[in-house]
Student: 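Structure in structure tokens, see below.
So you know, we letter chains A, B, ... as the sequences are listed, proteins then strands, and number each from 1. The figures here come from the full heavy-atom set of this structure, side chains too, leaving out hydrogens, waters and symmetry mates.
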Protein chains: 2
Amino acid sequence: MPDLSIDVVAKAAGVHRSTVSRAFSRPEAVKSETREHILKVAEGLGYTMSPLAQALRRKTSNIIPLIVPDITNPFFAELAKTMTQAADERGYQLMLCVTNGDPAKSDGYFTAMQAMYAPFGIVAPSTKVDTEALKRFAFGHKVVVIDRVEGDDSVPTVTVDSRKGIMLALDHLHSLGHTSIGYVSGIAGTHTAQDRMDAYLELTAQSGSTPVVLDSGSDLDAGTRGAEHFLEMDNPPTAIIAANDMVAFAVISALGRSGLRVPEDVSVIGFDGLALGARFNPPLTTVRQPIADMGHIAIELAEKQNVDGSVDHIVLEPELLVRGSTSEPRK
Amino acid sequence: MPDLSIDVVAKAAGVHRSTVSRAFSRPEAVKSETREHILKVAEGLGYTMSPLAQALRRKTSNIIPLIVPDITNPFFAELAKTMTQAADERGYQLMLCVTNGDPAKSDGYFTAMQAMYAPFGIVAPSTKVDTEALKRFAFGHKVVVIDRVEGDDSVPTVTVDSRKGIMLALDHLHSLGHTSIGYVSGIAGTHTAQDRMDAYLELTAQSGSTPVVLDSGSDLDAGTRGAEHFLEMDNPPTAIIAANDMVAFAVISALGRSGLRVPEDVSVIGFDGLALGARFNPPLTTVRQPIADMGHIAIELAEKQNVDGSVDHIVLEPELLVRGSTSEPRK
DNA sequence: AGTGTTATTGCAACCGATCTCAGCAACCGA
DNA sequence: TCGGTTGCTGAGATCGGTTGCAATAACACT
């Protein structure tokens, strides 16, 4: 197929390059008949504009990076899924960047995206975000973070209300009759993870019970260790809150290997609301984060910041999702 | 920060644009002292070349698309993960494209990637690949498919030996003492899915038993339906082979909801070897696909085709991963 | 010394768009 | 009828590189 450039379309339509350009990217600046003619000709030739050339000249592209630590983690996968959709609803191309938790790689992606003239980026961190580091990059001021950040209001964020979520979990368990409720912390070392734990500690204390933190690690084995710890206790809690669904899976799996059944022997509740949870054994009761909303909102925030410079911090409401991993305490 | 272009570096180093260009992209064409000097100056300025401008002129970029139907499916997530790594080991930028099974979107990605001058692409399909459709695109001849294709040897492929995998599963189950073994088919409508089923049918018949296909759908609910079907049987099999891990999860979950336990009441074996399986309840016995290898090989095949035009079809060996979801048949 | 390589570097066109500026025609009011 | 707008289109520079070709210098050989 012959190389299709704006010039061949221009020639075919009998107008100048610049008119073709305008016909596409600034329709109101071209007489409507001319424009329609051009569009028809272009259509006939099967022409589309080169995003590269466009980006080069305009110094802004339509590709936006989503930086996640681990796509293998279903939370990020679901986030990526909804964000892809949200992005191309608005004409963006989402570029998924997986750091594997390596900050150096993260930096690399940033510079790459800068070079690609990405208009902004979305970061789902695995650690507490260093806003200073963010700002070393040209579009540091054009990043929205899917987590809370500390001491710096200049970067937009989206989160769910951790405290509210933990409260939902606690209330659910209480209403089932549980009074001793343990906690296993999450995978990521984010503010969000911290907040959930803090909320657990605080709310438990408030209700007059003693908090039982079974594990406070932030790696993939937190669940397994939490379960081990649980098994060693003389007087273990009757229910466990896991800081996120993946950890809940691990907890249930480890418990299961030791012959304990959920929810008959222990109740376990997660936090995330992964679709996967519905197909777990047993189906996981959990606190749902509105992941789809987070994706859309992240993009909206970025766009909003781009136009009026406003920096928002959106906190979404979690929701209880009762499935099969919680029940009344044994006996 | 001042706009960094090749010209400012050139000026700073006291040489011509073209020399700077060569210093970076064709080092042997520049006297080594000159080159070192230029590199030093560039370094000092914090200069990096614009991939956009490069791609535009060279008509080839370093971004390569990986097209998957659903990133939420851990198989594709793991594939994406290893491919990201494989890609940037070789200096490529992986661009993850999620189609949600929509062929139109898939087409869109192709044209976009073409416009970005991607040197080749990788497709992990969710249906039998239509090689004709692939070829409508400029780099249709530069695509490697992670599945078998039919009647067209002109596109490189990577797969694992389905028959061998099913054999592994069957042998494992036989050696445990199972004689009646059911099958629930997979999520995707790929050749691979078909091959697994065919292998099951054939090998079961060969061993003198009657195949029991519990469900042959290719959607997410195959597992659930398979389990229902199982529960309705008068004389159900003592073990179930699931066409992939996700289905196995669903089967076990559905069985569990009806009070059946795995592996005590039924053995279930999956196919994929997802990391997630190790944290399932019970940990899933499965046939492992060497996903990491597949990623690397896919890229190698593409590169190889790019240089010498060769088209290979690699078939990898699966491997049995015995965990906790299989045991001797009850009684 | 004269001539034929070979190694380096500069020149300038080019990739495919965008965008400012200028030109031109039609239209308006006085 | 004439200066002033307004609407539309063409020219040409520009974005940040690459690359074929020409120019120059250095070196080898007869």
Student: Can you tell me how far P of dC15(D) sits from CZ of R58(A), to the nearest Å?
Tutor: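 In whole Å, dC15(D) P lies 17 Å from R58(A) CZ.
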
Student: How many whole angstroms separate atom CD of E33(B) from atom P of dA26(D)?
Tutor: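 Atom CD in E33(B) sits about 13 Å away from atom P in dA26(D).
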
Student: Could you give the CD1-to-C1' distance, from I6(A) to dC14(C), as a whole number of Å?
Tutor: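 I6(A) atom CD1 is separated from dC14(C) atom C1' by 16 Å.
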
Student: Regarding Y109(B) and Q114(B), do their side chains bring together a donor and an acceptor under 3.5 Å, going by distance alone?
Tutor: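 No.
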
Student: Using a 4.0 Å heavy-atom cut-off, does V20(B) contact any base of the nucleic acid, only the sugar-phosphate backbone, or nothing at all?
Tutor: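 Here V20(B) touches no strand at all.
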
Student: Spell out yes or no: do the side chain of R17(B) and the base of dG17(D) have one donor N/O and one acceptor N/O closer than 3.5 Å?
Tutor: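 It does, because a donor-acceptor pair links the side chain of R17(B) to the base of dG17(D) below 3.5 Å.
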
Student: Given atom CE of M116(B) and atom C1' of dA17(C), what is their separation to the nearest angstrom?
Tutor: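 Nearest whole value for this atom pair: 15 Å.
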
Student: Under the side-chain contact (heavy atoms from CB on, under 4.5 Å) criterion, do T111(B) and T48(A) qualify, and how do the steps go?
Tutor: CA-CA 9 Å; T111(B) 57; T48(A) 28; 5.9 Å; no

Student: Quick one: label T48(B) by what it contacts on the DNA or RNA (base, sugar-phosphate, nothing), any heavy atom closer than 4.0 Å.
Tutor: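 Here T48(B) touches the backbone only, sparing every base.
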
Student: Roughly, in whole Å, what's the span from CZ in R35(B) to P in dT9(C)?
Tutor: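 Rounding to the nearest Å, CZ of R35(B) and P of dT9(C) are 11 Å apart.
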
Student: So does R22(A) reach the base of dG10(D) with its side chain, donor to acceptor, closer than 3.5 Å?
Tutor: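 Looking at the base of dG10(D), it does pair with a donor or acceptor on the side chain of R22(A) (distance under 3.5 Å).
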
Student: Quick one: look up who dG17(D) pairs with, Watson-Crick or G-U, both distances under 3.5 Å, and put none if it's unpaired.
Tutor: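 Here dG17(D) is engaged in a pair, and the nucleotide opposite it is dC14(C).
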
Student: For the pair E303(B) and R90(B), find out whether any cationic side-chain nitrogen is under 4.0 Å from an anionic carboxylate oxygen.
Tutor: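 So E303(B) pairs with R90(B) through a salt bridge.
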
Student: Hey, does S5(A) reach any base, or is it just sugar-phosphate, or nothing, if we go heavy atoms under 4.0 Å?
Tutor: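 Here S5(A) touches the backbone only, sparing every base.
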
Student: Looking at E33(A) and R35(A), does any basic side-chain N land under 4.0 Å from a carboxylate oxygen?
Tutor: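 No salt bridge links E33(A) with R35(A).
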
Student: Please determine whether a side-chain nitrogen or oxygen atom of Q54(A) lies at a distance below 4.0 Å from atom OP1 or OP2 of dT18(C).
Tutor: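 Yes, within the criterion.
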
Student: Is it the case that K105(A) and N100(A) place a side-chain donor and acceptor less than 3.5 Å from each other?
Tutor: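 No donor-acceptor contact under 3.5 Å links the two side chains.
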
Student: Name the closest nucleotide to the A53(A) side chain, picking from dG10(D), dG16(D), dA17(C).
Tutor: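 Nearest to the side-chain atoms of A53(A), counting from C-beta on, is dA17(C).
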
Student: Could you give the CG-to-C1' distance, from D7(A) to dA17(C), as a whole number of Å?
Tutor: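 Checked: the CG to C1' distance equals 9 Å.
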
Student: Heavy atoms under 4.0 Å, any strand shown: does A55(A) hit a base, just sugar-phosphate, or nothing?
Tutor: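 The residue A55(A) makes no contact with any strand.
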
Student: From the options dT18(D), dA11(D), dC15(D), select the nucleotide whose nearest atom is closest to the side chain of H16(A).
Tutor: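 Of the candidates, dA11(D) comes closest.
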
Student: dT9(D), OP1 or OP2 - any side-chain N/O from T34(A) closer than 4.0 Å?
Tutor: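 Checking dT9(D) against T34(A), a side-chain N or O does come within under 4.0 Å of OP1 or OP2.
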
Student: Answer yes or no: does a side-chain N or O of Y47(B) lie under 4.0 Å from OP1 or OP2 of dG17(D)?
Tutor: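 For Y47(B), the contact criterion (side-chain N or O under 4.0 Å from OP1 or OP2 of dG17(D)) is met.
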
Student: Taking 4.0 Å as the cut-off, does a side-chain nitrogen or oxygen of K59(A) come that near to OP1 or OP2 on dT14(D)?
Tutor: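 It does not, given that no N or O in the side chain of K59(A) lies less than 4.0 Å from OP1 or OP2 of dT14(D).
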
Student: Quick one, I314(B) and L301(B) - any side-chain contact, counting heavy atoms below 4.5 Å?
Tutor: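 With C-beta onward as the side chain, the pair touches.
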
Student: From the options dC19(C), dA13(C), dG16(C), select the nucleotide whose nearest atom is closest to the side chain of S50(A).
Tutor: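 Output: dG16(C).
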
Student: How many Å lie between CG on L4(A) and C1' on dA17(C), as a whole number?
Tutor: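 After rounding, the gap between these two atoms is 13 Å.
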
Student: So, OP1 or OP2 of dT18(C): does either fall under 4.0 Å of a side-chain N or O from S25(A)?
Tutor: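 Answer yes for this pair, as a side-chain N or O of S25(A) is under 4.0 Å from OP1 or OP2.
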
Student: From the options dA17(C), dA13(C), dG16(C), select the nucleotide whose nearest atom is closest to the side chain of R57(B).
Tutor: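 Nearest listed nucleotide: dA13(C).
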
Student: Would you mind reading off the distance between Y117(B) atom OH and dG17(D) atom P, rounded to a whole angstrom?
Tutor: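 About 17 Å, once rounded to whole Å.
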
Student: Would you indicate which nucleotide in dG17(D), dG10(C), dT8(C) comes nearest to any side-chain atom of T19(B)?
Tutor: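 The answer is dG10(C).
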
